[in-house]
There are 2 protein chains.
Amino acid sequence: MFSKTCRYGIRAVLFLALNGKGAKRFSPDTIAEALEVPRYFLAKILLQLSRGGLVSSAKGRGGGFYLSEENLARPVIDIILELEGKEFFKGCVLGLKRCSSAKPCPMHFQAIPLRDGLKFQLENQTIRELSNGLNPIQILND
Amino acid sequence: MFSKTCRYGIRAVLFLALNGKGAKRFSPDTIAEALEVPRYFLAKILLQLSRGGLVSSAKGRGGGFYLSEENLARPVIDIILELEGKEFFKGCVLGLKRCSSAKPCPMHFQAIPLRDGLKFQLENQTIRELSNGLNPIQILND
DNA sequence: TTATATAAAGACGTTTTTGTCTTTTAATAA
DNA sequence: TTATTAAAAGACAAAAACGTCTTTATATAA
Ligand code: FES
Ligand code: FES
């Protein structure tokens, strides 16, 4: 479904949402240890998310990653588009050049409504909303 | 969504379903040219499908790939399970060790119903059914 | 029996994804 | 100002996915 990059990224963002009360900052190492994911790899993902405006960061002593109000107000889908690419929810599931109900491939009407359904949900839910009422253990590996 | 292996494989199976009236056989080259996919790569995919009992083949002069009655009666999902692996429709979309509604990850209730919906459709549709009423151009690239 | 056509097997190469490590830049505390 | 801390940048490497090619086995036709 999602790449490891994307899976780690979503969980890291939610980790920040759940633990960041009071302007706390977190290093990639701290997050990676909590989520049990490769630390250097996660550091790169956080950097990419930072470039995409999905997370905020501060350099130097006392610095680290965190979520600003703006970050929290972003729709969840933006995490996925940033890490999987802008085309993730576009195009034919069988890889054909065009995708339309006018000339549908054999799987079009089975797959596209479901994909569009997920897309709609993620477009209309902010990171804050997704993290609300979430138990911190829900992003942990066991 | 699907890997290239899986996308090429599904289209190749449907090519055989649509063109195989009258016990015709097709070489990987013929199929690859029609579908505009890499021929040697497709040959490997067809071999894997053959091992999985999704397509049939005959060696030697006049041989090639085709679909038997048994092949046509297989559910569409088996193509995907063969080429993506048996775990494709299983497990947590965020990669967590366990997936259950008892301890759901943040995306569980958004993603799992949709995935299960697609799974159910593909389990309950045979290759023959999927190919019925299909226009051959629907598996072509343009 | 011989030539030919074809799948099967397997070696090899390229690209993308995933993962690791070191060096540089910048912010803060003392 | 100096030491320390932490993100940013970038080099490197392993694994998986994607793709190509050659050789071998086998069935059919002549
Ligand atoms: S044409 Fe293939 S998914 Fe729409
Ligand atoms: S727990 Fe993640 S999808 Fe079910």
Side-chain angles (χ1 to χ4, degrees), chain A residues 1-13 16 20 23-33 35-68 71 80 82-85 87-88 94-95, chain B residues 1-13 16 20 23-33 35-68 71 80 82-85 87-88 94-95:
Chain A
M1 176 97 198
F2 297 125
S3 66
K4 292 196 174 183
T5 297
C6 193
R7 279 150 30 182
Y8 298 163
I10 292 170
R11 290 173 65 205
V13 169
L16 293 175
K24 287 207 211 67
R25 312 291 167 90
F26 297 90
S27 70
D29 276 20
T30 302
I31 305 169
E33 187 173 22
L35 302 183
E36 297 179 71
V37 302
R39 58 179 182 148
Y40 293 122
F41 192 37
L42 182 64
K44 285 201 165 179
I45 296 166
L46 285 166
L47 190 60
Q48 189 178 349
L49 289 170
S50 174
R51 290 209 187 89
L54 270 303
V55 305
S56 302
S57 68
K59 274 190 173 186
R61 194 168 185 140
F65 290 93
Y66 63 99
L67 299 186
S68 66
N71 299 146
I80 294 159
E82 177 64 37
L83 297 177
E84 301 280 14
E87 306 300 302
F88 189 70
L94 293 187
Chain B
M1 176 99 200
F2 297 123
S3 66
K4 292 196 175 182
T5 296
C6 192
R7 279 150 31 181
Y8 297 164
I10 292 169
R11 292 172 64 206
V13 169
L16 292 175
K24 288 207 212 67
R25 313 291 167 89
F26 297 91
S27 70
D29 276 20
T30 302
I31 305 169
E33 188 173 22
L35 302 182
E36 297 179 69
V37 303
R39 57 179 182 148
Y40 293 122
F41 192 38
L42 181 64
K44 286 202 166 178
I45 296 166
L46 286 166
L47 191 59
Q48 189 179 350
L49 289 170
S50 173
R51 291 208 187 89
L54 271 303
V55 304
S56 303
S57 67
K59 275 190 175 185
R61 195 168 181 139
F65 291 94
Y66 63 99
L67 300 185
S68 66
N71 299 146
I80 294 158
E82 176 64 37
L83 297 177
E84 301 281 15
E87 306 300 302
F88 190 70
L94 293 186

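On a predicted model such as this, the values are computed, not experimentally measured, just so you know. By convention in this document, chain letters (A, B, ...) are assigned in the order of the sequence lines, proteins followed by strands, and residues within each chain are numbered from 1.
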inquiry  = Going by the rule side-chain hydrogen bond (donor to acceptor under 3.5 Å, both in side chains), which residues pair with A:R39 if we only count those two or more places apart in sequence or in a different chain?
reply    = A:D29

query = Who pairs with B:S3 by side-chain hydrogen bond (donor to acceptor under 3.5 Å, both in side chains), at least two apart in sequence or on another chain?
reply = B:E84

key: Length of the CD-C1' vector between A:E84 and C:dT18, whole Å   = 13 Å

request  = Check the pair B:Y8, A:L94 against side-chain contact (heavy atoms from CB on, under 4.5 Å), reporting the backbone distance first and the verdict last.
outcome  = CA-CA 8 Å; B:Y8 297 164; A:L94 293 187; over 6 Å; no

ask   = How far apart are the closest heavy atoms of B:A58 and B:Y66, and which atoms are they?
value = N-CE2, 4.3 Å

Under the side-chain hydrogen bond (donor to acceptor under 3.5 Å, both in side chains) test, residues paired with A:S56 that sit two or more places apart = A:N71

inquiry  = Treating primed atoms plus P, OP1 and OP2 as sugar-phosphate and everything else as base, which nucleotides of nucleotides 12-21 of chain D get B, S or - for protein heavy atoms under 4.0 Å?
reply    = ------SBBB

ask   = Tell me: CD of A:E87 to P of C:dT16, nearest whole Å?
value = 16 Å

query = If every non-hydrogen atom of A:V55 is compared with every non-hydrogen atom of A:V13, which pair is closest and at what distance?
reply = CG1-CG2, 3.9 Å

Pairs: protein N or O with nucleotides 5-7 of chain C N or O, under 3.5 Å:
from  : atom 1 : to    : atom 2 : distance (Å)
C:dT6 : O4'    : B:G60 : O      : 3.4
C:dA7 : OP1    : B:F26 : O      : 3.4
C:dA7 : O3'    : B:S57 : OG     : 3.3

inquiry  = Categorize A:R7 for me: base, sugar-phosphate, or nothing, with a 4.0 angstrom heavy-atom threshold over every strand shown.
reply    = nothing

ask   = How many Å lie between CZ on B:R25 and P on D:dT26, as a whole number?
value = 18 Å

task = List in chain and number order the residues that pass side-chain hydrogen bond (donor to acceptor under 3.5 Å, both in side chains) with B:R25, two or more places apart in sequence or in another chain; answer none if no residue qualifies.
result = none

ask   = Quick one: CG on A:L42 to CZ on A:R11, what's the gap to the nearest 0.5 Å?
value = 9.5 Å

